[in-house]
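Here the structure comes first, spelled out in structure tokens, and everything after it is commentary.
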There are 2 protein chains.
Amino acid sequence: MEFDSPYGNKYADLLSNVSNFNIIESTLREGEQFANAFFTTESKIKIAKMLDEFGVEYLELTSPAASEQSRQDIKAITSLGLNAKILTHTRCHMDDAKIAIDTGVDGIDCYWSSSYLNFLSRKGIEVRFSSEDSFRSDLVDLLNLYKTVDKLGVNRVGIADTVGCANPRQVYELIRTLRGVVSCDIECHFHNDTGCAIANAYTALEAGATHIDTSILGIGERNGITPLGGFVAKMYVADKRYVSSKYKLEMLREIDNVIANEVEIGVPFNNYITGFCAFTHKAGIHAKAILNNPSTYEIIRPEDFGMTRYVSIGHRLTGWNAVKDRVEQLDLVMTDEEIKAVTQKIKTLADIKPLGIEEVDTLLRDYHREIYGRNQ
Amino acid sequence: MEFDSPYGNKYADLLSNVSNFNIIESTLREGEQFANAFFTTESKIKIAKMLDEFGVEYLELTSPAASEQSRQDIKAITSLGLNAKILTHTRCHMDDAKIAIDTGVDGIDCYWSSSYLNFLSRKGIEVRFSSEDSFRSDLVDLLNLYKTVDKLGVNRVGIADTVGCANPRQVYELIRTLRGVVSCDIECHFHNDTGCAIANAYTALEAGATHIDTSILGIGERNGITPLGGFVAKMYVADKRYVSSKYKLEMLREIDNVIANEVEIGVPFNNYITGFCAFTHKAGIHAKAILNNPSTYEIIRPEDFGMTRYVSIGHRLTGWNAVKDRVEQLDLVMTDEEIKAVTQKIKTLADIKPLGIEEVDTLLRDYHREIYGRNQ
């Protein structure tokens, strides 16, 4: 069933880019700053290809000036011929810029220097100019600076919540104001220290931002940034058709697993889309509704991401509608009254210890046999 | 150093309750709906006491009508004499309400029925009236209904994002509108399917909500709701003094660990405050700033939560300022030029494989000895 989401752009909103945005995937830059991360050349290539196949518009890589291997790895990735544009993030040193250009990247992110910008624009390189800690900067200074670099011809300006403490309404105000000041694209980078990185990214797009930085599972400095999967879940809810047409959603699970494995962490139990319980329904009232009409509790269709729904029934919160569904799956025929009675039996047993699905099935079959005999 | 946060209420905002809110801790209700959760009476008592000591204002428990053990467990908890008020969440059946009152709870959450409300108010019980899936409900119907129950004298109305898809600006609009319609308190319940549960809770308070539902680590149906720790981190950033005075922040790590252990999950690697990397700094530029002035990258002081900061230096992204700090910790004396040279050595080695802190220390000591000899 096609679901008309109430969570997207309800009415025409001139500023909103909720249905028109780019992902700058920074697992190979911000993600390398994650405590556990150490990517070999081989891993970097695997990750880059995977993200390119998924459909992200840009890949951001660690500065070639960080180390000799970092430089060689950028060259390896720029020579793969991917669809995604390749960016690198450098300090504002002319030396760093020269090294970066020699690696064949499509774009460079840097800090302020007009001569530096002139140099880069002569090389035909996409230039993004960003400041750190934008939400604690003086607003007028920030607008002045960005207005100036916009006139100098940068492709994008970047707003960064480096400490991960910005609020959605604060983000909306700043981006909306900036949108009125610059004509270039606006990129946003949100850390997640206080849990708003996805919400802030979404709200920035509503205010007119054009590019969002992500990393797989959100890995980065401290507890990281906007996670690719969670961001995609949010945008899917806002405009399913647009997001499904841009990205290979069924790859998300593999993408999350590959990175978890690379950096030796578990995918969080509560991870968006790919966490083990993302589509598990337990309470009786939820289970009933889900079975009647999945869209009641699931705006996100698990099938679209290659995942499956699971309705848990062997516990004390279970309800007879969920049990009835299982009874029918098992091809048993019982009256509603009988199902209510056996549900009570499950609740009583599960009050001592939850039952596995096999135990529930055995109990249902035994109960059925008690009433109807072996040969019905 | 006391830090004046730019992330709170900047100017007097008449609606905002960012510095005046209550937590309704629902680990023992919503959390019981988490796939892995099965709490024994003993566990429930332990969790209730721990949350009460932490300072939450309310504890919400599973309906006594769910199972006989659930009913007995509420009685056990109401008899503990905790400071937190005890709530339970029931269907709108007169039978359920009677069972609930007999357990000694302070309040009941229910769905619509005026006779039911009259019954409860005669019993002197706090009544919260809520609807499910408020963001997909017809706005006018919702406002009519809430206006009516407000006049009937409920203590709170509840807004729930049952499917976890609401956006912060949508939340702000709805709560602000509702704030103008009812005079009772407003409680909010946000699921986290698309990663906005903390941001939505914060924004709801900005719009005039008074109570926020949380659970430890966010456990609940599917991937859960607003997590206690993440919400507290967000509110601490907005008003450190208020939050520190209300809650025993240094208990958060134990609280998260107890629940992770109970429901057999790992604390997510990227968990707010208590995740293993929440205070780990790695990139050279971050490390430099943190060492000069921790508030540059840390609005959240790890000490306030009984946590410690860790600056990682044995990797290819390291910088000489971080290495210098370590050199000083080791009581070695070197010039800046020497430190820059040894930093380059670390980068070269770490390009092949990251170094542990012992390896870095050995390298620094060896390098120092090479230059200055053994006896300096």
Side-chain angles (χ1 to χ4, degrees), chain A residues 6-7 32-35 38 62 66-70 135-136 162-163 165-169 172 192-196 198-200 202-203 206 218 221-224 230 233-234 237 265-266 268-272 275 277-283 286 297-300 312 315-317 347 351 354, chain B residues 6-7 32-35 38 62 66-70 135-136 162-163 165-169 172 192-196 198-200 202-203 206 218 221-224 230 233-234 237 265-266 268-272 275 277-283 286 297-300 312 315-317 347 351 354:
Chain A
Y7 299 105
E32 215 179 356
Q33 293 173 223
F34 170 55
F38 174 75
T62 293
S67 74
E68 173 53 21
Q69 192 59 53
S70 303
F135 294 89
R136 288 193 294 169
T162 311
V163 293
C165 293
N167 316 314
R169 291 176 68 231
Y172 190 83
N192 201 31
D193 300 66
T194 59
C196 295
I198 295 173
N200 286 342
Y202 181 84
T203 309
E206 286 189 311
E221 282 282 345
R222 305 187 309 282
N223 84 330
K234 180 85 212 142
V237 166
I265 52 172
F269 77 91
N270 54 1
N271 201 48
Y272 312 108
C277 57
F279 298 106
T280 298
H281 302 270
K282 189 166 166 186
H286 284 240
Y297 285 106
E298 268 172 6
I299 305 293
I300 305 171
S312 162
H315 53 82
R316 62 165 69 130
L317 308 175
K347 276 178 178 282
D351 237 0
Chain B
Y7 299 105
E32 216 181 354
Q33 293 174 219
F34 171 55
F38 174 76
T62 293
S67 74
E68 172 54 22
Q69 193 60 53
S70 302
F135 294 90
R136 287 193 294 169
T162 312
V163 294
C165 293
N167 317 316
R169 290 177 67 231
Y172 190 82
N192 202 30
D193 300 68
T194 59
C196 296
I198 295 173
N200 285 342
Y202 181 84
T203 310
E206 286 189 311
E221 282 282 345
R222 304 187 308 282
N223 84 330
K234 181 84 211 140
V237 166
I265 52 172
F269 76 92
N270 55 0
N271 201 49
Y272 312 108
C277 56
F279 298 106
T280 298
H281 302 270
K282 188 167 167 185
H286 285 241
Y297 285 107
E298 268 172 6
I299 305 293
I300 304 172
S312 163
H315 54 83
R316 62 165 69 129
L317 308 175
K347 275 179 179 282
D351 237 0

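The basis for the numbers below is simple: all heavy atoms, side chains too, and nothing from hydrogens, waters or symmetry mates. Every chain is numbered from 1, with letters handed out A, B, ... down the list of sequences.
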In the structure I gave you, are the side-chain heavy atoms of A:Tyr7 and B:Val163 within less than 4.5 Å of one another anywhere? yes

Closest contact, heavy atoms only, A:Ala278 versus B:Arg222: O-CB, 3.4 Å

Where A:Lys347 and B:Ala66 come nearest, the two heavy atoms and their spacing: NZ-O, 2.8 Å

Report which part of A:Asn192 has an atom under 4.5 Å of a heavy atom belonging to chain B: side chain, backbone, both, or neither. both

What part of A:Thr203 gets closer than 4.5 Å to chain B, counting heavy atoms only: side chain, backbone, both or neither? side chain

Heavy-atom side-chain proximity of A:Ile299 to B:Arg136 below 4.5 angstrom: yes

Distance col, row B:Phe279:CZ vs A:Asp193:CG, nearest 0.5 angstrom, shows 8.0 Å

Nearest non-hydrogen partners of B:Ala35 and A:Lys282, listed with the distance: O-NZ, 3.7 Å

Heavy-atom pairs under 4.5 Å with chain B - which of A:Phe269, A:Phe34, A:Phe135 has more of them than the others? A:Phe269

Per-residue contact mode, B:Tyr172 against chain A (heavy atom under 4.5 angstrom): side chain

Heavy-atom pairs under 4.5 Å with chain A: which of B:Ala233, B:Ala199, B:Cys277, B:Ala166 has the most? B:Cys277

Contact check, side chains of B:Ile265 and A:Asn270, non-hydrogen atoms, under 4.5 Å: no

Give the minimum heavy-atom separation between A:Tyr272 and B:Thr194, together with the two atoms involved. CE2-C, 4.3 Å

For chain A, the option from B:Asp351, B:Leu317, B:Ile198 that forms the most heavy-atom pairs under 4.5 Å: B:Asp351

d(A:His281 NE2, B:Glu221 CD) to nearest 0.5 Å is 7.5 Å

Select, from B:Gly218, B:Gly275, B:Ser70, B:Ser67, the one with the greatest count of heavy-atom pairs under 4.5 Å involving chain A. B:Ser67

Highest number of heavy-atom pairs under 4.5 Å with chain B among A:Gln69, A:Arg316, A:Glu32 belongs to A:Arg316

Could you have a look at A:His315, A:Arg169, A:Glu68 and say which one has the most heavy-atom pairs with chain B under 4.5 angstrom? A:Arg169

Scored by heavy-atom pairs under 4.5 Å with chain B, the best of A:Gly230, A:Ser312, A:Cys165 is A:Cys165

